[in-house]
Amino acid sequence: MDVRELCRKFTSCTAVQGEILAHIAVCFSFVADLTHAQVTLYAPVKGKDFEQPCFIVLAHEEPHTAVHAASWAEQGSLVRMLEEPLVRQTFETGKPLTGRREWELGQTDIMMFTYAIHDGNTPMAVVTLETAEETLHLAGSSHLLKTACAMLVNSRKPIEPTLYRPIGASDGVLITDAYNRIIFANEAAGHIYRMLGVGNLLGMHFFDHKLTRHITRETVSPQRPDEKEFEAGNLVLVQRNIPIHEGGKLLCRVIVLEDVTELRKKEKQIRVQSAVIKEIHHRVKNNLQTIASLLRMQARRSSEPAVKEALSESVNRIMSISVVHEFLSQQGFEEIDVKKVTNNILDLLQPMMLPADFVLERKFTGGNALLPPVKGTNLALVINELLLNAMEHGFEGRKSGVIGLDIDEKPECFLIDIYDDGLGLPQDFELSKTKSLGLQIVRTLVEGDLGGEFRLESDGEGTHARLIVPRGNDKEEKSV
């Protein structure tokens, strides 16, 4: 349940007030990380359905930049007002307060800061920041709390959530005053700027040439929050710039610097590797097609029908493998889409195996099967053999027919049914005794290489080749 719904259901807040509180809650994760504090939004519960007056927790966030000993709030939970005296007093007076929280018997080292959220002169909710007392002894902690308060109180309009996403422990944080002078810089920000040849940041103007000389292009919008990526020296930085205004005037500015240099290097390496792999697949496909062309030439020169047939079958098998490599060279996917491969193999076989006026209907149903390239190549050979059999033996004397593919996805495997509506299997057919080289290849690939199961059945309306193919796993080879 979001803030708006909780306001509507449990509080006396108007729809407009609920929207304001929802907008404020968007920046809670950011504020929690900035101040190393738990951030909670309270509002009084309406009506008299409870024995004692209560607050409801409209929103709650814990910091990613610090570990707290305990968490005592959860969105949607009800808290008696007697248990939160600072929150109640702030709501009644509208004034900020500071106190301690006893999170265990005798343990009072958690400092609590409360701020009222006003609608005009009337408080409608209270925000609390709770942090370990030792955090307050860190340099600049007062600036962090003051900035967080200003952000919470003034974040009443819709804001871009991505700008207020969590702050990482290694992210640099700068805070400026109303004149854009830096009044706070954490250790990470100091480290980043030292790499750029800048020493002490405190007191410098954020737009000083010493800070911006390494930047290859303008990155800061003085008035509006924004996020841009830029190069500075040998670094690649993502900068979030969040100005905080009150009454149209700048109060302060929060700048978050994320060093993404290594990430961008890795992304570039991945792009290069992907391009190389796609080129390899393209060349393998071309080589396979060259081999297939040589075999076709050999078949045309042979006068023996058996040799011609054997060479033609070999050409089809080679071309079915080339389909997988063509798919990988064009798409660059790490997994093979069985439906697309089946469709491509049908495109190859239909002109060779069926008359030009034959009407073939394709039916693809069920889920989808994505397999690693090694398994995809073996399955492509299997599909090729099964489709060859269907076209060669199933549609004799007919002008039309159906070839279908149905996939049932299971957690541990794919159930694949490749079928036709043709003549069906001979009555005395036994898969274990067949001398068909194609079916022997299918059994070897499915049961041996793929580790699955294979059976061939007739149901009176054609033939069904049913395959059980185990799913791939992360340890399997991803390329061929």
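Bear in mind that the values here come from a model prediction, so they are computed numbers and not experimental data.
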- Item | N-O pairing of Arg466 and Asp406 below 4.0 Å | no

- Query: Hey, is Arg471 close enough to Glu412 for a salt bridge, meaning N to O under 4.0 Å?
  - Reply: no

Quick one: list whatever passes side-chain hydrogen bond (donor to acceptor under 3.5 Å, both in side chains) with [X], sequence neighbours left out.
X      : value
Thr463 : none
Asp33  : His64
Ser170 : none

Which atom pairs, donor and acceptor, lie under 3.5 Å between side-chain atoms of residues 290-306 and protein residues at least two apart or in another chain?
residue, atom, partner, partner atom, Å
Thr290, OG1, Asn286, O, 2.9
Ser293, OG, Gln289, O, 3.0
Ser302, OG, Glu304, N, 3.3

- Item | Any donor-acceptor N or O pair under 3.5 Å, side chains Thr135, His36 | no

- Message: Hydrogens and angles aside, do His60 and Thr40 bring a side-chain donor and acceptor to less than 3.5 Å of each other?
- Response: yes

- Task: Starting at CG of Leu360, measure out to CD1 of Ile403 and round the result to the nearest 0.5 Å.
- Result: 5.0 Å

- Please, which pairs that meet salt bridge (charged side-chain N to carboxylate O under 4.0 Å, His left out) have at least one residue in residues 165-176, sequence neighbours excluded? Arg165-Glu227, Arg165-Glu258

- Task: Keeping to residues at least two apart or across chains, list the salt bridge (charged side-chain N to carboxylate O under 4.0 Å, His left out) pairs with something in residues 343-353.
- Result: Asp347-Arg362

- For residues 446-455, pull every pair meeting side chain to side chain donor-acceptor pair (under 3.5 Å), keeping only residues two or more places apart or in separate chains. Arg455-Glu457

- Task: Using the side chain to side chain donor-acceptor pair (under 3.5 Å) rule, collect all pairs that involve residues 197-207, keeping only residues at least two apart or in two chains.
- Result: none

- Candidates Val198, Leu257, Leu174, Leu201 - the one meeting side-chain contact (heavy atoms from CB on, under 4.5 Å) with Ile192: Leu257

- Hey, which of Leu467, Ile418, Leu405 is the one that makes side-chain contact (heavy atoms from CB on, under 4.5 Å) with Ile383? Ile418

- Task: Decide yes or no on side chain to side chain contact (heavy atoms under 4.5 Å, CB included) for Met151 and Val254, but give the supporting numbers first.
- Result: CA-CA 10 Å; Met151 182 176 290; Val254 181; 4.1 Å; yes

Could you work out, with ring pair (Phe, Tyr, Trp, His ring centres under 6.0 Å) as the rule, every residue matching [X], not counting sequence neighbours?
X      : result
His143 : none
Phe358 : Phe395
His464 : Tyr419

- Provide the full list of ring-ring contact (aromatic ring centres under 6.0 Å, His included) pairs with a residue in residues 432-454, sequence neighbours left out, each pair given once. none

- Query: Should the heavy atoms of other residues, nucleotides or ligands under 6.0 Å from CG of Asp357 be counted, would the total exceed 12?
  - Reply: yes

- Check whether any side-chain heavy atom of Phe30 sits under 4.5 Å from a side-chain heavy atom of Ile242, and report yes or no. yes

